[in-house]
Amino acid sequence: MRRGSITIYLSLTLFVMIALITGSITSAKMQAGRMETANSTDQALYSLFARYDRDLYEEFGLFFLSAQNGSGMDMGMVCDAVTDAMSYILEPNKGRELLGGRNLLDLELSEKAVTGCVLATDADGEIFAEQAVDYMKDTLGVQGIALLRERVENHADTTKEQDRDGRALEQDVSQTSYQDLQERSAEAGTAAAEEGTELPETDEEDREAAGILDTAANIQKMSLLDLVVSDPGGISSNAIDRSTVLSSRSKESGFGVIDSVSTGGIDSFLFQEYLIQTFSSWRNPMQDAALAYQMEYIICGRSSDRENLEAVVNRLFAIRMAADLLAIYEDASLNGELTAIAASAAAALLIPEAAALVKLVLAAGWAFCEAAMDVRSLLAGKRIALVKSYAVWQVHLRDIPRLISNPDSLMTNVSGGMSYEDYLRVLMLLSDQKTKQLRAMDMVEYTIRALGRPEFRLDNCICALSMELRVTSEHRRTFTTEQTIDYRSL
């Protein structure tokens, strides 16, 4: 009896111990399976995002994963890449069956699905812009950003004030034209002839002043682009089809619940500084690109380089015309020069009583010539004063004829003044943010296509991805995991 009781007791004890050990092994195996599933998903997604588009990174410093297959987006290709990367973790013996050991977990990927996706072009390009801003934050120092921001904002504020005050003056001077003065002069001459009165004598100085007025009027009839560009024939003839660009066509869009834009929004200043440093312009053209003057396109959005340059020139000219007209009336020396020449011109035109009207017309013509010279200087790489005075004035009234014969001899360079790039910054600051984002993405697409990828589409490039995966163990237990990866948080 004693031996039998001991055997039964041991048997019961061993049964409990075996059950405990087996349960522990099963529990450990399940935990290991869950951990392996999570780890394999994490590593597979990192492996996938390590395949970022190299051209986008090298040309623009941006991290996006191209999901393009042919001319369209292929999310199946993305899923297959994740599956392949996971298989080497779930199946440690993959590729080395002869030398591998036993796979105790026996895990297998059974289901996969993309539950969320954020594309570069989502939110009208704010995803693209956010990465561009991050790039600038990594490139520029905090102090450098603050100083540059303050300088550009001050320039923009001054430009707005000049434009407001100068345009008010333009309305005054536009009330009388050179043709009106000519008609009054002709009427005065006819009246004198009919009355038999002798015409007043005019000296050489009066005739010179009248010639200056006439030359200024003729210059205003000239093509502005030809007037400000030293070699109009050298302007790029590149053009694009606006109907096919990203900003004009229908685009792919992301889906799911991934946050598409950071809560802080887009720093428009840093974004425009990224554009200035990344894209070409008149001063540093990219001749082998679809458009050589990319910054001018981003600002104006025309189809050809010539149209974009002309549009920027017109905007710069309008800004400088208002500023220069304001300077003529506010600077005592310039105003004195204007008054003297206007009085002489009025005498030569036989309408001395209309000297005030002559002064208005001459002021408009003078401001036109100075503004044209300002733009010509900017395009030539010179710097001009933001606020003009007699000391930094380029085209004095007696120099106006030289604007036709030898304009470059009038050109000056003001140390610490505004450059062409500075004015592009001002124009960018005054432009709509979403429009800048969309047009910048147009140029990104065309740049990448020029590298031998003619079907490249930025709306097929992924910034963030969320996937749900199910892994089975021994064809019985299922482990489910959902993970998100985002270039902006890596």
Side-chain angles (χ1 to χ4, degrees), residues 60-61 125-126 128-167 262 264-284 293-301 308-309 311-324 326-327 371 374-375 377-389 392 413-441 443:
F60 303 101
E126 289 194 15
F128 159 77
E130 191 173 356
Q131 277 213 34
V133 168
D134 289 340
Y135 173 82
M136 292 307 297
K137 288 178 180 177
D138 294 337
T139 304
L140 296 177
V142 176
Q143 186 176 5
I145 292 174
L147 291 174
L148 186 59
R149 186 193 302 273
E150 181 180 5
R151 182 169 180 263
V152 174
E153 289 177 349
N154 288 339
H155 288 167
D157 291 340
T158 302
T159 300
K160 288 178 183 177
E161 293 175 5
Q162 289 176 330
D163 189 62
R164 182 191 64 236
D165 297 340
R167 288 190 184 279
S262 65
I266 302 301
D267 188 321
S268 60
F269 169 77
L270 283 181
F271 178 65
Q272 77 172 35
E273 197 59 31
Y274 170 83
L275 299 181
I276 289 285
Q277 294 191 16
T278 305
F279 293 96
S280 64
S281 68
W282 164 261
R283 292 293 307 146
N284 60 332
Y293 317 142
Q294 297 172 332
M295 281 302 304
E296 285 79 358
Y297 170 80
I298 293 171
I299 293 171
C300 300
N308 285 312
L309 179 62
V312 167
V313 162
N314 288 336
R315 293 181 65 176
L316 292 180
F317 176 81
I319 290 172
R320 290 311 311 167
M321 173 80 174
D324 292 337
L326 189 64
D374 286 343
V375 178
S377 298
L378 291 172
L379 295 180
K382 306 295 184 181
R383 290 180 175 270
I384 65 171
L386 178 61
V387 179
K388 284 291 190 72
S389 66
V392 292
N413 187 37
V414 179
S415 177
M418 294 278 285
S419 67
Y420 181 70
E421 290 74 16
D422 289 331
Y423 268 106
L424 289 184
R425 288 183 174 93
V426 171
L427 294 179
M428 292 284 286
L429 204 61
L430 301 177
S431 301
D432 176 68
Q433 176 67 17
K434 288 188 177 181
T435 300
K436 289 185 288 188
Q437 291 168 184
L438 290 169
R439 290 175 181 170
M441 292 191 295
M443 292 296 95

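Excluded from the calculations below are hydrogen atoms, water molecules and symmetry mates; all remaining heavy atoms, backbone and side chain alike, are included.
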With side chains defined as the heavy atoms from C-beta onward, is the minimum distance between Glu273 and Thr139 less than 4.5 Å? no

task = Evaluate the criterion side chain to side chain contact (heavy atoms under 4.5 Å, CB included) for residue pair Asp267 and Arg149; output intermediate values, then yes/no.
result = CA-CA 11 Å; Asp267 188 321; Arg149 186 193 302 273; 2.9 Å; yes

- Task: Assess whether side chain to side chain contact (heavy atoms under 4.5 Å, CB included) is satisfied between Leu386 and Tyr423, documenting all intermediate values.
- Result: CA-CA 10 Å; Leu386 178 61; Tyr423 268 106; 3.7 Å; yes

CD (Gln162) and CG (Asp324) are apart, to the nearest 0.5 Å, by 8.5 Å

Margin query: Check this for me, if you would: do Lys160 and Asp163 make a salt bridge, where the nitrogen-to-carboxylate-oxygen distance has to be below 4.0 angstrom?
Written below: no

Checklist entry - CZ of Phe317: more than 12 outside heavy atoms within 6.0 angstrom? => result yes

Is the backbone of Ser280 close enough, under 3.5 Å, to the side chain of Gln294 for a donor and an acceptor to pair up by distance? yes

Worksheet item: Where the side chain of Trp282 meets the backbone of Leu309, is there a donor-acceptor pair that is under 3.5 Å apart?
Response: no

When every non-hydrogen atom of Gly61 is compared with those of Tyr135, the smallest separation belongs to O-CD1, 3.8 Å

In this structure, CG of Leu316 is separated from OG1 of Thr159 (nearest 0.5 Å) by 10.0 Å

When every non-hydrogen atom of Gln437 is compared with those of Ala129, the smallest separation belongs to OE1-CB, 3.8 Å

CG of Leu438 to CD1 of Ile298, rounded to nearest 0.5 Å, is 11.0 Å

(Q) With heavy-atom distances below 4.5 Å as the criterion, would you say the side chains of Arg283 and Leu378 are in contact? (A) no

| query | How about Leu379 and Tyr420: do any of their side-chain heavy atoms sit closer than 4.5 Å? | reply | yes

Quiz prompt | Between Asp374 and Ser377: side-chain donor-acceptor atoms closer than 3.5 Å | solution = no

Min side-chain heavy-atom separation His155-Arg425 under 4.5 Å: no

To the nearest 0.5 Å, atom CZ of Arg439 lies from atom CG of Asp432 at 9.0 Å

Separation between NZ (Lys137) and OH (Tyr274), nearest 0.5 Å, reads 15.0 Å

Without swapping roles, check the side chain of Arg320 against the backbone of Ala371 for a donor-acceptor pair under 3.5 Å.
no

If only atom types and distance count, is the side chain of Asp422 paired as donor or acceptor with the main-chain N or O of Ser419 below 3.5 Å?
-> yes

Dump the intermediate steps for side chain to side chain contact (heavy atoms under 4.5 Å, CB included) on Phe279 and Phe60, then the final yes or no. CA-CA 9 Å; Phe279 293 96; Phe60 303 101; 3.7 Å; yes

Quiz item: Has the side chain of Gln272 got a donor or acceptor atom that lies under 3.5 Å from a matching backbone atom of Leu429?
Solution: yes

(request) Check whether any side-chain N or O of Asn284 sits under 3.5 Å from a backbone N or O of Ser281 as a donor-acceptor pair, and report yes or no. (result) yes

- Query: How about Leu424 and Leu275: do any of their side-chain heavy atoms sit closer than 4.5 Å?
  - Reply: no

Review point. With distance as the sole test, does Lys436 use its side chain to make a donor-acceptor pair with the main-chain N or O of Met428 at under 3.5 Å?
Key: yes

